[in-house]
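So the structure is just underneath, and the comments pick up after that.
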Amino acid sequence: MIGEIPGVPVGEEYASRVLASEAGVHRPRIAGICGTQATGAESIVLSGGYKDDEDYGDVIIYTGHGGQDGAGNQVSDQSLDDSGNAALVTSHLQGLPVRVIRGSKSQSVYAPRSGYRYDGLYRVASYGSRSGIDGHLIWQFRLEADLATPMPTVREDQLPIEAPQQGPEQPDGNDEPERVRSNVQRIVRSSKVKNTVKLWHQDQCQICGTRIEVPGGTYSEGAHIQALGRPHNGPDQTGNVLCLCPNCHVKLDAGAIVINDDLTVVENGVPKGPLRTHPKHGLSIDCIRSHRERWRR
DNA sequence: GGGCCCGCAGGG
DNA sequence: CCCTGCGGGCCC
């Protein structure tokens with residue numbers, strides 16, 4: 001289950017991983033990432049197992065899993081083929097929320113004194129690879145707290161991390177990027193209907209054929225033909241959704257592209273060829289007509 | 001407190 | 001099915 005677990009408030013504590021698992025907050029009993037490439041990540045645990053992690057409370061630099069020996073040393077490179085890491089990529093590409101759980105073994109000042117604590121929803125703002133402390137390739141994910149997610153409590157026996165001091169012995173400039181809460185983070189609504197359509201088309205744009213491939217995944221957008229809500233009142237059904245690249249999505253939404261009843265794509269009055277279709281993906285002619293009527297000119 | 005080893009659920 | 005993974009308890 002992606003997002004909040006009903007009945008589980010932010011700050012809920014669990015004495016053990018087994019109890020957190022039974023509550024559904026973080027189902028795996030050992031692994032730090034729960035999820036798959038297809039669904040995205042449900043939840044992650046910060047438990048001090050990866051020394052390259054950084055925890056600033058509302059921003060977390062989370063290291064993917066894999067490549068370790070039993071003693072917590074990186075002995076080989078990490079990969080995005082690893083299901084947990086690929087799940088975090090999907091969460092980024094689809095803008096999905098990820099539950100964050102902090103464990104007492106984390107070195108962070110935000111770690112709970114004992115056991116595990118659910119700390120709310122975060123988004124995967126970015127990700128990338130680098131050489132880790134132990135010299136092997138690691139993948140890291142920047143998680144940013146949702147606006148509704150409160151700053152976690154600081155352990156009383158530890159001081160919060162001080163910002164780097166500006167002193168005369170400091171070199172000019174500042175390599176440390178300013179930590180500012182990004183409230184322009186794009187939050188893409190994801191629905192079962194859109195995911196179904198995107199899966200049928202394997203993220204290939206039904207208009208231009210583009211399939212955006214990035215490390216760890218592919219990207220497309222589910223676009224409603226007839227817009228939802230007033231005054232258009234389009235249905236949230238697969239017959240009213242297209243799998244599109246971002247460019248064609250904008251063109252469809254703003255009327256640069258309309259579709260004829262015979263599924264010919266028309267861009268600014270010029271026929272461009274047939275819409276790509278899939279046998280399981282029946283389209284609503286009513287919705288196509290309604291969209292065309294909206295942009296009659 | 002550290003090392004060990006027995007775990008199980010989730011995922012391919 | 002087999003394998004892995006930011007446990008956890010027990011022994012020393």
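Keep in mind that this is a model prediction, so the values were computed, not measured. Numbered from 1 within each chain, the chains take letters A, B, ... in sequence-line order.
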Are the side chains of Arg292(A) and Asn260(A) in contact, using a 4.5 Å heavy-atom criterion? yes

Tell me which nucleotide, if any, is Watson-Crick or G-U wobble paired with dG7(B) when both distances must be under 3.5 Å. none

Return yes if some donor-acceptor pair links the side-chain N/O of Gln204(A) with the main-chain N/O of Gly209(A) below 3.5 Å, else return no. yes

Round to a whole Å and report the spacing from CD1 of Ile44(A) to P of dG5(C). 17 Å

Can you measure Leu46(A) atom CG to dG5(C) atom P for me and round it to whole angstrom units? 18 Å

Does the Ser108(A) side chain pair with the main chain of Tyr110(A), one donor and one acceptor, at a distance under 3.5 Å? yes

Name the closest nucleotide to the Asp82(A) side chain, picking from dC6(C), dG7(B), dG5(C). dG5(C)

Counting the atoms with a prime plus P, OP1 and OP2 as sugar-phosphate, which does Ser106(A) contact under 4.0 Å by heavy atoms, base, sugar-phosphate, or nothing? nothing

Donor + acceptor pair across side chains of Ser284(A), Asn240(A) (<3.5 Å): no

Set out, line by line, the N/O atom pairs under 3.5 Å between protein and nucleotides 10-12 of chain C.
none

Answer yes or no: does a side-chain N or O of Tyr116(A) lie under 4.0 Å from OP1 or OP2 of dG7(C)? yes

Integer-rounded Å distance: dC6(C) C1' and Ile60(A) CD1: 13 Å

Any side-chain N or O of His65(A) less than 4.0 Å from the OP1 or OP2 oxygen of dG5(C)? no

Which part of the nucleic acid, if any, lies within contact of Gly32(A), taking any heavy atom under 4.0 Å across all strands shown: a base, the sugar-phosphate backbone alone, or nothing? sugar-phosphate

Calculate the interatomic distance between Glu22(A) atom CD and dG8(C) atom P; express it in whole Å. 12 Å

Name the nucleic acid region contacted by Gly66(A), choosing base, sugar-phosphate or nothing; use a 4.0 angstrom heavy-atom cut-off, strictly under. sugar-phosphate

Answer yes or no: is there a donor N or O on one side and an acceptor on the other, between the side chain of Thr210(A) and the main chain of Cys205(A), under 3.5 Å? no

Consider only side-chain N and O atoms of Asp262(A) and Thr264(A), and report whether a donor and an acceptor are under 3.5 Å apart. yes

Check nucleotides 9-12 of chain B for protein N or O atoms closer than 3.5 Å to its own N or O atoms and list the pairs.
from: dG10(B); atom 1: OP1; to: Arg27(A); atom 2: NH1; distance (Å): 3.1
from: dG11(B); atom 1: OP1; to: Gly35(A); atom 2: N; distance (Å): 3.3

Looking only at the side chain of Ser47(A) (C-beta and beyond, no hydrogens), which of the listed nucleotides dG5(C), dG7(C), dG8(C) gets closest? dG7(C)

Find the distance Ile30(A):CD1 to dG7(B):P and express it as a whole number of Å. 12 Å

Evaluate side-chain contact (heavy atoms from CB on, under 4.5 Å) for Leu88(A) paired with Trp139(A), printing each intermediate quantity in order. CA-CA 10 Å; Leu88(A) 285 167; Trp139(A) 286 90; over 6 Å; no

Relative to each other, are the rings of His278(A) and His201(A) parallel, tilted or perpendicular (30° and 60° limits)? perpendicular

Thr63(A) side chain near dC6(C) phosphate (N/O to OP1/OP2, under 4.0 Å): no

For dC6(C), give its Watson-Crick or G-U wobble partner with both distances under 3.5 Å, or none. none

What is the distance from CD1 of Ile33(A) to P of dT4(C), rounded to the nearest Å? 16 Å

Rounded to whole angstroms, how far apart are CD on Gln140(A) and P on dC6(C)? 14 Å

OH of Tyr14(A) versus C1' of dG7(C): gap in Å, rounded? 18 Å

Is the closest side-chain heavy-atom distance between Leu137(A) and Gln78(A) below 4.5 Å? no

side-chain N/O Lys105(A) vs dG7(C) OP1/OP2, d < 4.0 Å: yes

I'd like to know if the side chain of Arg211(A) reaches the main chain of Thr218(A), judged simply by a donor and an acceptor atom lying under 3.5 Å from each other, with no hydrogens or angles considered. no

